[in-house]
Amino acid sequence: MSTDLTLHQRRRTPTPSELQGIPWLRVLKPEERARAVAELKVGDAASGDYVCRVGKPVTYWFGVVEGLLKMSSDDAQGTTMTFSGLPPGGWFGEGTALKREPYRYNVQALRKSVVAGLSVDSFHWLLDHSIGFNRFVMNQLNERLGQFIAAREIDRMNSPDVRVARSLAALFNPALYPGVGEILRITQQELAYLVGLSRQRVNKALANLQAQGSIRIEYGGLRVLDLDALRSSMVSSKS
DNA sequence: TCATTAAATTGTT
DNA sequence: AACAATTTAATGA
């Protein structure tokens with residue numbers, strides 16, 4: 001089920017509409033932006049494809065233009081632990097790109113996706129030349145720290161409804177994933193993989209959240225009606 | 001553009 | 001895990 005590193009093969013230059021979905025381009029000055037755009041590559045990843053794997057040397061700083069990726073890691077026993085989902089607008093790998101160390105996690109496409117990449121050299125060039133870019137990366141690191149702390153709390157609770165609610169809230173984080181608007185394109189099966197629950201249970205949890213008025217279920221996706229309600233959702237599993 | 005068919009996704013047991 | 005119902009996407013006239 002796992003083909004390898006599609007991005008390194010058939011990569012294109014980004015289309016204008018794809019560039020539109022790259023949030024940090026807007027914080028660059030015209031010269032910086034021109035240079036970055038020239039260096040950007042995009043590639044298509046089929047469902048199951050790996051974007052990066054543990055131990056591989058860092059080649060790119062990656063971003064999701066379209067689709068859905070998941071970030072996970074396998075321990076010595078081969079148990080897979082999913083850290084986070086990566087919806088459109090999300091960029092990752094800055095930690096390893098900064099230090100030019102090998103990747104510490106696997107990133108795999110949950111569905112057919114479009115992934116953008118900026119070479120590590122260009123990434124460093126922007127760090128050396130652009131204040132705006134530095135602010136973006138710093139904010140990105142800070143937001144992600146918040147995400148991981150929240151993720152630990154999520155793992156400790158055993159109420160499925162709350163787990164689903166909090167995980168959804170994370171995916172709708174506008175700072176980290178500006179490409180996600182009112183609606184998040186994600187199937188209940190994909191969400192089940194991310195949260196670590198059965199699809200049936202996720203289906204039920206979503207129904208509860210909808211009844212509570214914080215989301216609306218749509219075919220192939222979800223619409224957020226009340227993000228704060230998702231973030232602070234308490235245990236109310238009357239299923 | 002519309003009708004038909006296949007595929008994907010959801011709701012339920 | 002399996003099934004039926006629903007929605008979307010694809011096809012071709």
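Below, read A as the first sequence line, B as the second, and so on, with proteins coming before strands; counting in each chain starts at 1. For the numbers below, each heavy atom of this structure counts, side chains included, while hydrogens, waters and symmetry mates do not.
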message: With a 4.0 Å limit, can you tell me whether A/Q189 has a side-chain N or O closer than that to the phosphate oxygens OP1/OP2 of B/dT9?
response: no
Margin query: Please determine whether a side-chain nitrogen or oxygen atom of A/N203 lies at a distance below 4.0 Å from atom OP1 or OP2 of B/dT10.
Written below: no
Find the distance [X]:[atom1] to [N]:[atom2] and express it as a whole number of Å.
X: A/R199; N: C/dC3; atom1: CZ; atom2: P; answer: 14 Å
X: A/Q188; N: B/dT9; atom1: CD; atom2: C1'; answer: 8 Å
X: A/R201; N: B/dT10; atom1: CZ; atom2: C1'; answer: 16 Å
X: A/Y193; N: B/dT9; atom1: OH; atom2: C1'; answer: 13 Å
X: A/L206; N: B/dT9; atom1: CG; atom2: P; answer: 15 Å
X: A/K204; N: B/dT10; atom1: NZ; atom2: P; answer: 16 Å
X: A/R185; N: B/dT10; atom1: CZ; atom2: P; answer: 9 Å
X: A/N208; N: B/dT10; atom1: CG; atom2: C1'; answer: 16 Å

Whether A/R100 and A/D121 form a salt bridge (side-chain N of Lys/Arg under 4.0 Å from carboxylate O of Asp/Glu) is what I want to check.
yes
- Message: I'd like to know if A/R12 pairs up with A/D44 as an ion pair, taking the criterion as any Lys NZ or Arg NE/NH1/NH2 lying under 4.0 Å from an Asp or Glu carboxylate oxygen.
- Response: yes
Discussion item. Taking atom CD1 as the centre, does A/I217 end up with more than 12 heavy-atom neighbours from other residues, nucleotides or ligands that are less than 6.0 angstrom away?
Written reply: yes
Of A/W125, A/W91, A/W61, the one forming a ring-ring contact (aromatic ring centres under 6.0 Å, His included) with A/F133 is A/W61
